[in-house]
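No experiment lies behind these values; they were computed from the predicted model shown. Heavy atoms only: backbone and side chains are in, while hydrogens, waters and symmetry mates are out.
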Protein chains: 2
Amino acid sequence: MSPDAEPPPRRLSRAEAKARTRERLLDAAAQVFARRGFGGASVDEIAETAGYSTGALYSNFGGKDELFLELLASRTGLRQDAAAAVVGSRDKTVEQVQAELNRILVEAADGDSDIALLQAELWLYAIRRPELLEQLASRFRGNRDVLSGLLAERAQARGQAEDLPFDDLATVVLALFQGLVQLRRTDPELVRPELYGTALSWMFRGINEASSRPDEG
Amino acid sequence: MSPDAEPPPRRLSRAEAKARTRERLLDAAAQVFARRGFGGASVDEIAETAGYSTGALYSNFGGKDELFLELLASRTGLRQDAAAAVVGSRDKTVEQVQAELNRILVEAADGDSDIALLQAELWLYAIRRPELLEQLASRFRGNRDVLSGLLAERAQARGQAEDLPFDDLATVVLALFQGLVQLRRTDPELVRPELYGTALSWMFRGINEASSRPDEG
DNA sequence: GTCTATAAGACGATAGAC
DNA sequence: GTCTATCGTCTTATAGAC
C-alpha cells in the first residue's frame, strides 16, 4: 500500500456533512411549518427542532422564504413510483387497487406526519406569489399527466374503451383525493375508510356506461 | 305633537353604528386574511382597510384571534338557501343543475373575492386548535346532512332508488367541490368549467347502475 | 460550518385624550 | 366609540468568535 492511498473516510466529508445538515433542516422545517403554519413558524424553532442554531440555518438557506421554497419544490409532487405501483400494475384486481387507494388516503389524513397541513400551507404560499403559481400549476399538470397515462394504460390492458377523457378522469381522481383528505382530517366520521375507492368505482362504472350507452338514464 | 314625541332618528343609534363598524371590520378582516394569510395579516392593516384605527378594532373585538374566530363562525357554512335552490328544486333538469353547479365552482375558483383562500386559512386555523376542531367538524356534518337530505328528496321525486348511501354521496359532492376549486384556482386549464357537473353525472350514473345491477362490470 | 450575541424592525395590545 | 401614542415582546437577519 502506498502511503498516500487513503481508505474511504469513515467520517463524513464536508460536503456530505453539509448535505446532511440541509436535509435535517428541511425535515424540521416541514414539521414546524405544518404545526404552526408559515406565518406562525419561526426560524428559531426550526433550527432548534433540527438541533442547530439559527446561524447554521442561515449559512445553509437564504432565509425563511427560501426554506419554504425548497419544500415546495420537493414535496408537492406525486410519488410517481407509488402511483405506478398502485394504478399501473396490470395484475391487480379492481378491489386491490381500491383497497390501496383507501389506505393511502387514510394515511394522508390520519397519519401524524401532518402532510395534509403542509400541503395546504404550500398551496396558499404559492397561490399568493405570482412567480410561483406557474411552477405549482406545472407540477399539478405533471401529476395529472402521469395519472392520466396510467389510467389509459390500465384501460387498454383491460380491454376497456380507449377513447375516454383520461385527463379529466385523472383530474377528478386527484381533486377528490385532496377534498376527502381535508374532510377526513377534520372529522374521520365524515369519510369512511372505504369511501375513496367506492366513489371512484361509481365514477368509472358511470363513465363506462356513458361511453357505451350515451343516451340512457 | 307633544314636545317629547321624537321622530325616528335619522342618524344611526349607537348600537347600529357599532354593529356597522363590526361588519366593516369583519369584511376587511376577511379580505386581509385571505390576501396575507392569518400569520401574515396585521391588525393594523385590517383596521386601516376598514377605515378605522387599531384602537377601534380592539374596542370591538378581543384581538386578532377573536376576529378570525368570528369569521370561522360566519363563513364556513353551506349556503342552505342556495343549495336548496340548486339541488332541491324538482323542476330543474339534470342539465340545469349541472350548469348551475359548474357556475358556482367557477365563481368560487375564479372570483376575485378569494373565498377559496379564506376557506383554506380557516380550515388550517381550526385544525390546529383542538377546541375549534369539533366546531368545524359539526359544521361540515351539517353541510353534509343538508345536502344528503336534498339528494334523497330529489331521488324520491324522480322515482329513483331510495336506498342509496346519500350521506356518502353528499360527502363526495362536497369533497370534489373543494378539490376542484383548489385545482382550478391553481390553473384554470386543469379544470374545465364543465368538469364538476360532468364528473357528478358519471358518479350518479355509476351508483344507479351499481344499485340496480350490483354484479356487472 | 456552526455558534453566540446582537442589531433593527414589526407586531399585538394597552392607556389615556377627546 | 374612536383616535393617537406608546410599551414590551418577538422576529428575521447579520457579525464575529471558534
Side-chain angles (χ1 to χ4, degrees), chain A residues 9-72 121 124-125 128-129, chain B residues 9-72 121-122 124-125 128-129 132:
Chain A
R10 307 229 5 244
R11 304 190 129 264
L12 271 49
S13 73
R14 266 176 286 267
E16 286 170 331
K18 181 157 189 174
R20 198 185 52 167
T21 299
R22 278 180 62 93
E23 206 51 47
R24 286 178 175 169
L25 284 167
L26 280 171
D27 284 344
Q31 238 179 276
V32 176
F33 282 134
R35 187 164 59 234
R36 310 269 190 212
F38 177 76
S42 75
V43 290
D44 253 324
E45 184 176 357
I46 293 171
E48 192 181 9
T49 300
Y52 297 90
S53 64
T54 64
L57 189 152
Y58 277 97
S59 88
N60 282 279
F61 297 93
K64 192 176 172 180
D65 277 271
E66 193 179 298
L67 202 49
F68 208 57
L69 269 176
E70 298 253 357
L71 287 179
L72 185 64
E121 289 287 341
L124 284 167
Y125 184 84
R128 295 190 177 113
R129 287 161 182 79
Chain B
R10 306 222 14 234
R11 303 190 130 265
L12 270 49
S13 72
R14 267 174 286 268
E16 286 170 331
K18 180 156 189 172
R20 198 184 54 166
T21 299
R22 278 181 61 95
E23 207 49 50
R24 285 177 175 170
L25 283 168
L26 280 172
D27 283 345
Q31 238 179 276
V32 176
F33 281 134
R35 187 163 62 235
R36 309 267 190 215
F38 177 76
S42 76
V43 290
D44 255 324
E45 184 176 357
I46 293 172
E48 193 181 8
T49 300
Y52 295 92
S53 63
T54 64
L57 189 151
Y58 276 96
S59 88
N60 281 279
F61 298 94
K64 191 176 173 180
D65 277 271
E66 192 179 300
L67 202 47
F68 208 57
L69 269 176
E70 297 253 357
L71 287 179
L72 184 65
E121 289 288 340
L122 290 167
L124 283 168
Y125 185 84
R128 295 193 176 111
R129 288 161 180 80
L132 293 183

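- Using a 4.0 Å cut-off, no side-chain N or O of B:Thr21 falls inside it from OP1 or OP2 of D:dG1.
- One interatomic measurement links the two molecules: CZ of B:Phe61 to P of D:dT2, which rounds to 11 Å at whole-angstrom precision.
- Classification of the A:Phe38-A:Phe33 ring pair by plane angle, with boundaries at 30° and 60°, yields parallel.
- Rounding to the nearest 0.5 angstrom, the gap separating the CG atom in B:Leu72 from the CD atom in B:Glu121 is 12.0 Å.
- Panel note: side chain A:Lys64, backbone A:Ala41; a donor-acceptor pair is recorded below 3.5 Å.
- If you take CD1 of B:Ile46 and P of D:dT2, they are 16 Å apart, rounded to a whole angstrom.
- For the atom pair B:Ser53 OG and B:Glu48 CD, the distance stands at 10.5 Å (nearest 0.5 Å).
- To the nearest angstrom, P of C:dT4 lies 14 Å from OH of A:Tyr52.
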Got a list of protein N/O to nucleotides 12-15 of chain C N/O distances below 3.5 Å?
unit_1 : atom_1 : unit_2  : atom_2 : d
C:dG12 : OP1    : B:Ala41 : O      : 3.2
C:dG12 : OP1    : B:Lys64 : NZ     : 3.1
C:dG12 : OP2    : B:Val43 : N      : 3.1
C:dA13 : OP2    : B:Tyr58 : OH     : 2.7
C:dA13 : OP2    : B:Lys64 : N      : 3.3
C:dA13 : O5'    : B:Tyr58 : OH     : 3.4

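- Rounded to a whole Å, the CD atom of A:Glu48 is 15 Å from the C1' atom of D:dC10.
- The CZ-P distance, from B:Arg24 to D:dG1, rounds to 16 Å in whole Å.
- Cation-pi geometry between A:Arg128 and A:Tyr125 is not satisfied (NZ or CZ under 6.0 Å from the ring centre, within 45° of the ring normal).
- Here CZ of B:Arg20 is found 9.5 Å from CD of B:Glu16. Values are rounded to the nearest 0.5 Å.
- Here C:dG1 presents its P atom at 17 Å from CD of A:Glu23, a figure rounded to the nearest Å.
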